[in-house]
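Just so it is clear, the structure is predicted and the values come from calculations on it, not from any experiment. Residues: numbered from 1 along the sequence shown.
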Amino acid sequence: MKALVIHAPKDLRIDEATVEAPGPGEVEIRLASGGICGSDLHYYAHGGFGTVRLKEPMILGHEVSGHIASLGEGVSHLAIGDLVAISPSRPCGACEYCLKGMQNHCFNMRFYGSAMPFPHIQGAFRERLIAKAEQCVKAHGLSAGEAAMAEPLSVTLHATRRAGELLGKRVLVTGCGPIGTLSILAARRAGAGEIVAADLSERALGFARTVGADRTINLSENPDGLAPFSQNKGYFDILYECSGAQPALVSGIHALRPRGIIMQLGLGGDMTLPMMAITAKELDLRGSFRFHEEFATAVQLMQGGLIDVKPLITHTLPLSDALKAFEIASDKGQSMKTQIAFR
């Protein structure tokens, strides 16, 4: 079978890989669709991010869907031909955090396409994938591309749970890439009363409006566009910071009302915070990392027509054009979510 392997920065190859048979409790999946994530782009452009670096060739990808090709012993709730969304979250189930119900912090997490440990955890961009049956959520009624969006949607659902009560709240979203726009969808579904989105790109803000933002602010045209919201100790109840950029975080903090909540999703590296403002306004700073049980909910919300991710899928290219797909995904001027079709 063919697999999409990163060997070094800008050295992306379609390599041959071995096909295994599913063991007990496992299934074989013919991959259908895979979305290119920001972490995939970091491996492609830089060979990693922060202190995480490629030390060996690694199959990329973790936003995937496919059809069941064969069943391992003991698997009865899935059938050959089923379209499934495949969760890349594979916690051990036995460590301290798994036992506390915090599987996203598993000591022994094997998340597809990660160079954090060595040997690296190989990813899911391959024509055939062996997965645990418990990773698979039936995605009937969805397209393969929609099913592959369950992973990034789960990220924002987890953040929305971390944010707490949103009913009627005023929400600011900074950074309107895939995670930012999906955060708008998640916040609206959770009952947000008003959503304002801010970004440097008018194109990205167009997607924010499409998915339901009440108002958008172009910070490249109006760098002080958030300043009016800082009057009278702030306006917003919740900040979804999805850019990972310090200026966006600082502006968002000043726009929050006292006892507002900062949800940090963007991973742009360490940042200097305005601690006096956080302290004086009694703000809560909350991180949000990955997800686990939210994955099935993401699929259900899409199946029920309660969240529509289709407007965010801008490009779909065949595996043979994977390099072109990565170049398109790297260009935020033309791509929101670029996916690879494996069949």
Side-chain angles (χ1 to χ4, degrees), residues 1-6 12-37 39-40 43-44 56-93 108-117 119-140 142-154 290-292 295-296 298-299 316-320 322 325-326 338-343:
M1 70 168 178
K2 293 179 173 59
L4 193 57
V5 181
I6 188 73
L12 185 65
R13 309 179 197 175
I14 298 175
D15 291 344
E16 289 294 326
T18 58
V19 180
E20 301 174 353
E26 296 180 336
V27 294
E28 178 190 7
I29 301 161
R30 294 194 319 274
L31 217 66
S33 183
I36 300 174
C37 175
S39 62
D40 297 319
Y43 288 125
Y44 172 65
E56 63 178 345
M58 184 179 75
I59 301 174
L60 291 175
H62 56 267
E63 300 179 6
V64 292
S65 69
H67 293 87
I68 301 295
S70 63
L71 305 173
E73 180 183 350
V75 178
S76 59
H77 69 287
L78 297 170
I80 292 175
D82 281 347
L83 173 66
V84 293
I86 308 156
S87 174
S89 177
R90 297 183 292 165
C92 71
N108 305 301
M109 174 66 76
R110 296 182 60 80
F111 201 92
Y112 286 136
S114 173
M116 290 182 182
H120 300 335
I121 309 300
Q122 298 297 313
F125 282 175
R126 53 182 108 180
E127 291 180 310
R128 299 268 175 160
L129 177 69
I130 302 298
K132 294 180 180 180
E134 64 195 44
Q135 293 174 243
C136 301
V137 178
K138 290 183 182 181
H140 60 271
L142 300 179
S143 68
E146 289 174 282
M149 290 289 285
E151 194 277 345
L153 178 56
S154 298
R290 292 180 178 166
F291 56 89
H292 186 64
F295 190 83
V299 175
T316 302
L317 284 80
L319 177 60
S320 58
F326 268 72
T338 298
Q339 295 182 333
I340 296 172
F342 286 81
R343 56 186 299 251

Quiz item: Around atom CD of Glu16, are there more than 12 heavy atoms of other residues, nucleotides or ligands at under 6.0 Å?
Solution: yes

Quiz prompt | Atom of Leu71, atom of Pro22 and distance for their closest heavy-atom approach | solution = C-CG, 4.2 Å

Practice problem: Find the distance between CZ (Arg13) and CD1 (Ile59) and round it off to the nearest 0.5 Å. | Solution: 13.5 Å

Self-check item: Where Val299 and Ala85 come nearest, the two heavy atoms and their spacing
Solution: CG2-CB, 3.8 Å

Quiz item: Any side-chain heavy atom of Ile68 sitting closer than 4.5 Å to one from Ile29?
Solution: yes

Practice problem: Evaluate the side-chain proximity of Met109 to Arg290: yes if any heavy-atom separation is below 4.5 Å, no if none is. | Solution: yes

Quiz item: Within the distance-only criterion (no hydrogens, no angle test), does the side chain of Tyr43 pair as donor or acceptor with the backbone N or O of Met58 below 3.5 angstrom?
Solution: no

Quiz item: Is the side chain of Ser65 donor-acceptor paired with the backbone N or O of Ala144 at a distance under 3.5 Å, no angle test?
Solution: yes

Quiz item: Can you tell me how far the CZ atom of Phe295 sits from the CG atom of Leu153, to the nearest 0.5 Å?
Solution: 9.5 Å

Exercise. Tell me, please, which residues at least two apart from Glu151 pass salt bridge (Lys or Arg N to Asp or Glu O under 4.0 Å).
Key: none

Quiz item: Can you find a heavy atom in the side chain of Ile14 that is under 4.5 Å from one in the side chain of Leu4?
Solution: yes

Quiz item: Given side chains that start at C-beta, do those of Leu31 and Ile86 come closer than 4.5 Å, heavy atoms only?
Solution: yes

Between side-chain atoms of residues 125-132 and protein atoms elsewhere (two or more places apart, or another chain), which donor-acceptor pairs fall under 3.5 Å?
{"from": "Arg126", "atom 1": "NE", "to": "Gly123", "atom 2": "O", "distance (Å)": "3.0"}
{"from": "Arg126", "atom 1": "NH2", "to": "Gly123", "atom 2": "O", "distance (Å)": "2.6"}
{"from": "Glu127", "atom 1": "OE1", "to": "Lys2", "atom 2": "N", "distance (Å)": "2.8"}
{"from": "Arg128", "atom 1": "NH1", "to": "Glu28", "atom 2": "OE2", "distance (Å)": "3.0"}

Exercise. Any chance you could measure His67, atom NE2, to Cys136, atom SG, to the nearest 0.5 Å?
Key: 12.5 Å

Quiz item: Hey, what do you get for CG (Leu83) to NZ (Lys138), rounding to the nearest 0.5 Å?
Solution: 11.5 Å

Quiz prompt | Heavy-atom side-chain contact between Gln339 and Glu63 under 4.5 Å | solution = no

Quiz item: Nearest 0.5 Å, what's the OG-CG distance between Ser70 and Leu78?
Solution: 11.5 Å

Exercise. Identify, with sequence neighbours excluded, every residue that meets side-chain hydrogen bond (donor to acceptor under 3.5 Å, both in side chains) alongside Arg110.
Key: none

Self-check item: Straight-line distance of Phe326 CZ to Ile340 CD1, nearest 0.5 Å
Solution: 5.0 Å

Exercise. Using a cut-off of 6.0 Å, state whether more than 12 heavy atoms not belonging to His77 lie near its atom NE2.
Key: yes

Quiz item: Would you find a donor on one side and an acceptor on the other, under 3.5 Å apart, between the side chain of Gln135 and the backbone of Arg90?
Solution: no

Quiz item: Do the non-hydrogen side-chain atoms of Phe111 and Ser87 ever get within less than 4.5 Å of each other?
Solution: no

Quiz item: Does the side chain of Asp40 reach to within under 4.5 Å of the side chain of His62, using non-hydrogen atoms?
Solution: yes

Quiz item: Minimum heavy-atom separation for Thr316 to Ala341, with atom names?
Solution: CG2-CB, 3.9 Å

Quiz item: Which pair of heavy atoms, one from Pro57 and one from Gln122, lies closest together, and at what distance?
Solution: O-NE2, 3.4 Å

